[in-house]
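Just the heavy atoms: all of them, side chains too, but no hydrogens, waters or symmetry mates, feed the values below. Keep in mind that this is a model prediction, so the values were computed, not measured.
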Amino acid sequence: MILEKTFHLSVGREAKIIVRGQVGRNRGEIIIDYEFLIREKHDTGFREPIGPNHPQYWKLKKSTPERSQLLQLEYSGISRKQIREVTREFKRAAGPGYTFRYQNEIEERTKYLKGIRVSALSRRLLSVA
């Protein structure tokens with residue numbers, strides 16, 4: 001089962017969260033995994049937040065899968081509230097009777113994640129461009 005949700009962020013960027021659920025060995029269990037993608041105003045398609053030209057790229061490549069997923073999340077601009085919203089929607093779509101387990105404990109590790117914040121001046125400059 002796959003759920004995709006796109007959020008319009010305040011800096012002219014769109015962020016997409018893809019939630020994948022895979023039925024575990026126990027048929028009543030679903031393992032949840034996340035993927036984070038972004039699209040700038042001028043881009044035609046979605047891409048990963050940290051690409052080969054990003055300063056954190058080599059840190060991403062040397063990290064564990066869990067840490068690299070957290071880095072992608074941090075640089076996507078998605079807030080913790082948005083992650084919880086998508087997770088709730090996914091659980092509702094899956095229906096009752098399932099227990100959920102996370103591939104990586106994203107929600108527990110993102111305690112202080114706030115998303116992208118913009119000042120009033122920056123917002124005015126972005127609206128002009």
Does [X] use its side chain to pair, donor to acceptor, with the backbone of [Y] at less than 3.5 Å?
X: Ser76; Y: Ile38; result: no
X: Gln22; Y: Ile32; result: no
X: Gln82; Y: Ser79; result: yes

Are [X] and [Y] joined in one hydrophobic group, where the rule is that I, L, V, M, F, W and Y side chains link up if heavy atoms are under 4.5 Å apart?
X: Phe100; Y: Ile31; value: no
X: Leu71; Y: Leu73; value: no
X: Ile83; Y: Leu3; value: yes

Starting at [atom1] of [X], measure out to [atom2] of [Y] and round the result to the nearest 0.5 Å.
X: Leu70; Y: Tyr75; atom1: CG; atom2: OH; answer: 12.5 Å
X: Arg92; Y: Glu89; atom1: CZ; atom2: CD; answer: 6.0 Å
X: Ser68; Y: Gln56; atom1: OG; atom2: CD; answer: 12.5 Å

Is the shortest distance from a Lys or Arg side-chain nitrogen in Lys5 or Glu85 to a carboxylate oxygen in the other one below 4.0 Å? yes
Side-chain heavy atoms of [X] within contact of [Y], under 4.5 Å:
X: Glu48; Y: Phe36; value: no
X: Gln72; Y: Glu35; value: no
X: Ile78; Y: Ile17; value: yes
X: Lys41; Y: Arg13; value: no

By salt bridge (charged side-chain N to carboxylate O under 4.0 Å, His left out), Asp43 pairs with (sequence neighbours left out) Arg47
Does the pair Glu14 and Phe7 meet the rule for a side chain to side chain contact (heavy atoms under 4.5 Å, CB included), with working shown? CA-CA 6 Å; Glu14 291 180 348; Phe7 294 97; over 6 Å; no
Nearest non-hydrogen partners of [X] and [Y], listed with the distance:
X: Met1; Y: Ala94; answer: CE-N, 3.5 Å
X: Pro49; Y: His54; answer: O-CD2, 3.8 Å
X: Gly45; Y: Arg39; answer: O-CG, 3.7 Å

Are there over 12 heavy-atom neighbours, none belonging to Tyr98, within less than 6.0 Å of that residue's OH? no
Please walk me through it: do Ile2 and Val19 pass side chain to side chain contact (heavy atoms under 4.5 Å, CB included)? CA-CA 6 Å; Ile2 296 176; Val19 183; over 6 Å; no
For Thr87 and Tyr34, which I'm curious about, is there any donor-acceptor pair between the side chains at under 3.5 Å? yes
Carefully, step by step, assess Ile30 and Phe90 under the rule side chain to side chain contact (heavy atoms under 4.5 Å, CB included). CA-CA 11 Å; Ile30 294 179; Phe90 180 82; 4.2 Å; yes
